Amino acid sequence: MARTRRPLLKLIITAAVAGLIIVIYLDARISTTFAGRMWELPAKVYARPLELYAGVSLGADDLAYELRALGYREVSNPRAPGQVSRSGDRFSLYTRGFDFPDGRESARLINLRMRQGRVSALQSGGRDLDLMRLDPLRIGGIYPSHGEDRILVRLADVPETLRGALLAVEDQHFYSHWGFSLTGIARAFYSNLRSGQVVAGGSTITQQLVKNYYLTPDRTILRKVTELVMAVLLELRFSKDEILESYFNEVYLGQDGPRAVHGFALAARHYFDTPLDQLGLHQQALLVGMIKGPSLYNPRRNPERARERRNLVLRLMVSEGVISDAHAQVARNMPLGLNAGRSIQDSFPAYLDLVRRQLRREYREEDLSSQGLSIFTSFDPLLQRHAEASTRTVLEQLDTSGELQTASVIMRVDTGEVAALVGGRNPRFAGFNRALDARRPAGSLLKPAVYLAALEQPGRYSLASSLSDTPLTVDGPAGQVWEPRNFDRQPHGEVLLHKALSQSYNLASARLGLELGLDTVVDTLRRLGIEGPVPEVPALTLGAGEYSPMDMAMLYQTIASGGYRTPLRSIRDIVDANGEPLNRYPLEYDRQVSLQATHLLHYALRAVVREGTGRGVYRYLPSDFHVAGKTGTTNDGRDSWFAGFSGDLLAVSWIGRDDNGGTGLTGASGALKLWAHFMARASERPLAYRMPDGMATRWIDDRSGYLTGEGCPDARMLPFTNGSEPAQRTNCSPRRSGIKDWFESLFK
Amino acid sequence: MARRACRFTLFVLPLALSACSVYRLPEQVAVPVEEAEPAATSSAPSAPATSADTSPPPGPDSTHSEAYRPLLAQADSAAARGDYEQALALLERALRLDTDNAEIYLAMAEVHCARGALNQCRAVAERGLLYCRGASQCEALRSLSTASG
């Protein structure tokens with residue numbers, strides 16, 4: 001007897017000890033992970049907020065686009081945040097409000113009148129409003145590998161009826177059971193039997209939460225037992241409200257591309273563009289109904305099935321006393337109430353890529369995908385839209401085969417912020433980001449660095465210096481001979497410096513670069529912002545090397561801003577999950593080139609588009625709209641470049657092929673068209689003319705470069721750094737002349 | 001005498017021209033008499049308004065708004081309580097609304113100087129000089145652009 005009982009006792013003791021160890025282990029797991037459970041919150045990336053004030057340049061269609069992208073809903077009479085009504089040029093909108101890093105913008109009803117591409121009146125509550133901003137468009141997130149995204153909500157902020165609906169459908173005895181419910185299972189069984197379909201599951205909310213948190217979805221007995229034990233442990237450790245709050249934030253409610261929609265608050269945004277606390281009964285019931293099968297009851301894919309399920313939830317809400325039959329009746333007659341469904345999130349992969357690269361230099365990947373950071377960027381959806389439209393239009397004109405590729409970088413001249421980015425012909429495709437990674441020779445786009453290096457020496461060079469555009473050969477290291485040629489294959493003899501640049505003469509540019517010394521040219525490129533490798537070879541003077549469109553944008557930004565280099569900026573602020581500022585990326589100026597030398601270069605770059613290789617831009621732009629720019633073409637037309645700026649925007653465009661084959665395009669016949677098409681639609685301010693201190697204009701004979709008189713033959717007005725004016729003078733005396741060139745007309 | 005008249009004309013002409021500029025703010029319409037005084041000082045040869053007198057006349061697109069003003073006031077009070085970060089954030093927002101407004105550059109340069117960032121102070125002031133209107137504003141920017149610790 002003793003013999004047989006002892007092993008059994010041992011077995012029982014062993015099992016009890018093992019069970020106890022497992023329970024202790026599970027309990028430890030719950031108490032360490034659940035209480036301090038950091039919700040993994042992906043970083044949210046925001047566009048710049050749209051600033052609104054009387055006088056701001058903004059087209060009515062652009063405003064409508066921004067509001068659509070933000071998910072504002074068109075109604076006849078806006079009564080709640082996120083609603084708008086439009087009648088012609090008048091908008092009435094109830095803004096959502098937003099906590100910005102530098103202050104709160106409260107939700108309010110505003111009235112806007114638009115006239116001739118501007119906001120002509122902005123009022124709120126019958127009074128004029130000085131300035132306000134819309135909530136910023138969320139353009140993407142940085143998700144963990146499992147793709148979970150959520151907006152956290154406190155139980156106190158969950159509408160009472162939503163809470164009631166959830167308990168009515170998922171767990172009617174939640175507040176009285178111990179984590180599991182035998183009667184609940186029985187009741188579920190009975191209610192399923194009675195209705196002839198599965199309307200309620202046997203698992204309590206606590207069990208579902210344990211399953212989602214800790215366990216795999218397999219349906220095994222062992223898993224079910226573990227789930228039961230953990231559910232009881234969870235109930236022992238935590239209050240009912242804590243468990244319910246976790247459930248509201250955890251539950252999976254659908255998929256949005258790579259992003260998994262978790263929790264009711266995000267689902268409310270995702271399906272209805274509405275904050276959780278403003279959902280209608282019909283919407284609350286729809287979401288609760290979806291828990292059972294987010295894919296099966298997806299209201300976009302299966303609207304009829306979702307509607308039936310919703311109405312079933314409404315009936316359960318009535319039978320559980322959550323709402324009255326009359327309320328349910330109204331809700332049953334409502335449409336599904338979904339938003340348009342075209343989420344703009346993650347639609348701008350090239351720009352998000354830029355933001356991510358900047359973030360990864362400073363933050364750990366796991367922090368980015370879990371700490372709930374808010375990243376405020378300078379991305380401008382309206383400029384992006386224009387850039388994409390111009391890309392589509394011009395590329396379709398240039399190339400019907402679809403083989404040409406393209407990239408564009410758009411920056412704000414005054415702040416150096418990147419405002420838009422096109423990474424390829426299909427801007428939605430998150431593949432090779434040509435704006436950052438296509439590295440190509442820059443051709444003549446690099447020439448301004450050579451001329452700037454010269455103009456920085458006012459004792460030696462001015463715009464009126466004479467350069468030799470005559471053949472030259474340079475012996476290379478291994479018996480190679482470098483023998484550059486002009487595009488038209490003709491030498492042009494003695495030409496003035498400004499003309500050599502505006503006509504993009506290669507021979508004169510190469511001679512000038514070699515005269516200055518390659519180290520001087522490299523130094524200038526570095527100061528202008530080129531950080532990658534630069535080949536110190538004679539061909540550098542004509543753009544040898546490998547540069548991305550972004551590299552070129554940095555270089556032209558320094559030129560456009562008057563010689564100040566600003567660090568690459570796509571992020572303005574980073575704020576942590578509690579709204580505390582983590583990092584601000586302030587505007588910084590770093591003087592790299594003298595203002596006077598840059599001003600002279602601006603003259604030559606204006607001449608490019610007025611009388612040089614870039615004249616084609618005025619087929620797109622009004623003739624009184626001043627801009628400056630430069631064309632670039634590489635051997636065999638492999639790369640077509642244009643870089644330039646107006647008073648507010650800088651843009652660099654590239655067209656080429658991924659296999660580096662010829663395109664048959666020059667800078668002027670390709671990228672220039674894209675650039676000018678975009679600028680004509682997006683730029684609001686022409687380049688103003690402001691001569692810095694220490695400079696003056698002089699009349700110059702455009703053939704000899706000598707001082708001459710106004711109205712004399714070939715007389716041309718040029719700006720000079722004081723003391724750099726030519727010494728020689730023609731013997732022509734000034735006379736009146738009625739004809740003014742583009743430069744003189746700046747002084748009218 | 002003739003020389004004095006010439007100097008007077010040299011100084012007044014740019015000011016008169018700058019009075020027509022679009023970039024000027026309503027508050028600054030009249031050039032106060034005392035602003036003429038710097039002309040008599042050594043800084044007169046580099047007439048403060050040289051950059052102003054060559055500005056193009058208003059294009060159809062360049063209307064200027066007063067929307068940035070409340071931000072300037074908020075930045076002032078932030079700077080006064082020593083919150084330079086907030087002041088700069090507000091001024092940057094103001095600058096985005098009105099990118100060639102010397103008044104904003106001046107305020108920004110002052111904040112940089114106050115927080116001891118002299119390089120930024122000088123650079124911002126120098127940039128503001130490109131947009132300055134009126135002798136006193138230009139002088140204030142000029143002196144900050146050469147500020148030393």
Side-chain angles (χ1 to χ4, degrees), chain A residues 48-49 51-57 100-103 116-119 122 129-133 378 412-415 417 561-562 564 572-573 581 584 586-591 595 599 622 624-626 647-648 683-697 719 745-748, chain B residues 21-23 43 45-48 50-57 59-71 74-75 78 84-101 105 108 112 117 119-127 129-132 138 142 145:
Chain A
R48 61 88 190 97
E51 300 270 8
L52 294 175
Y53 51 91
V56 66
S57 172
F100 287 99
D102 61 359
Q116 294 173 336
R118 287 186 185 281
V119 172
L122 173 64
L129 202 56
D130 285 336
L131 173 66
M132 61 150 304
R133 47 194 159 170
S378 47
R412 295 219 172 258
V413 169
D414 285 279
T415 55
E417 291 178 327
S561 72
Y564 297 95
R572 290 177 180 170
D573 292 281
R584 203 174 80 78
L587 180 59
E588 280 173 3
Y589 296 115
D590 182 10
R591 157 76 59 215
L595 193 56
H599 185 81
D624 60 350
F625 196 89
H626 296 282
D648 53 354
S683 177
E684 284 154 14
R685 284 192 304 137
L687 200 51
Y689 189 78
R690 300 182 180 87
M691 193 162 14
D693 291 352
M695 302 191 76
T697 57
S745 65
L746 291 173
F747 298 86
K748 65 191 167 194
Chain B
S21 164
V22 257
Y23 299 107
S43 65
S46 54
T50 37
S51 55
D53 58 359
T54 51
S55 289
D61 284 337
S62 45
T63 63
H64 276 241
S65 153
E66 294 287 296
Y68 69 92
R69 289 223 163 268
L71 297 174
Q74 289 170 39
Y84 299 130
E85 281 289 304
Q86 174 75 352
L88 287 174
L90 289 161
L91 290 171
E92 267 181 49
R93 185 177 167 208
L95 203 57
R96 286 195 286 266
L97 304 183
D98 197 352
T99 51
D100 48 12
N101 187 321
Y105 280 101
M108 202 179 248
H112 279 301
N119 276 339
Q120 281 307 303
C121 171
R122 282 193 291 264
V124 170
E126 196 185 29
R127 229 182 125 78
L129 267 178
L130 279 181
Y131 308 106
C132 74
C138 293
R142 188 165 281 118
S145 74

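Remember, predicted model here, so these are calculated numbers, not experimental data. Every chain is numbered from 1 and lettered A, B, ... according to where its sequence line falls, protein lines coming before strand lines.
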Contact winner vs chain B - A:Glu588, A:Arg412, A:Arg584, heavy-atom pairs under 4.5 Å: A:Arg584
Please report the interatomic distance CG(B:Leu130) to CG(A:Asp693), rounded to the nearest 0.5 Å. 8.5 Å
Contact origin within A:Leu595 toward chain B - heavy atom pairs under 4.5 Å: side chain
Engaged part of A:Arg572 at the chain B interface, taking heavy atoms whose separation is under 4.5 Å: side chain
A:Ser561 versus chain B, heavy atoms under 4.5 Å apart: side chain, backbone, both or neither? both
Going by atom types alone, do A:Tyr564 and B:Glu126 pair a side-chain donor with an acceptor below 3.5 Å? yes
Any side-chain heavy-atom pair from B:Asp100 and B:Asp98 closer than 4.5 angstrom? yes
Of all of B:Leu95, B:Leu97, B:Asn119, which one pairs up most often with chain A through heavy atoms under 4.5 Å apart? B:Leu97
Give a yes or no answer on whether the side chain of A:Asp648 reaches the backbone of A:Glu684 with a donor-acceptor pair at less than 3.5 Å. yes
Tell me, for B:Leu91 versus chain A, whether the close heavy atoms (under 4.5 Å) come from the side chain, the backbone, both or neither. neither
Exercise: do A:Ser378 and B:Arg96 side chains pair donor with acceptor under 3.5 Å: no
Turns out that what part of A:Gln116 lies under 4.5 Å from chain B's heavy atoms comes down to neither
Do A:Arg685 and A:Asp414 touch side chain to side chain, with heavy atoms closer than 4.5 Å? yes
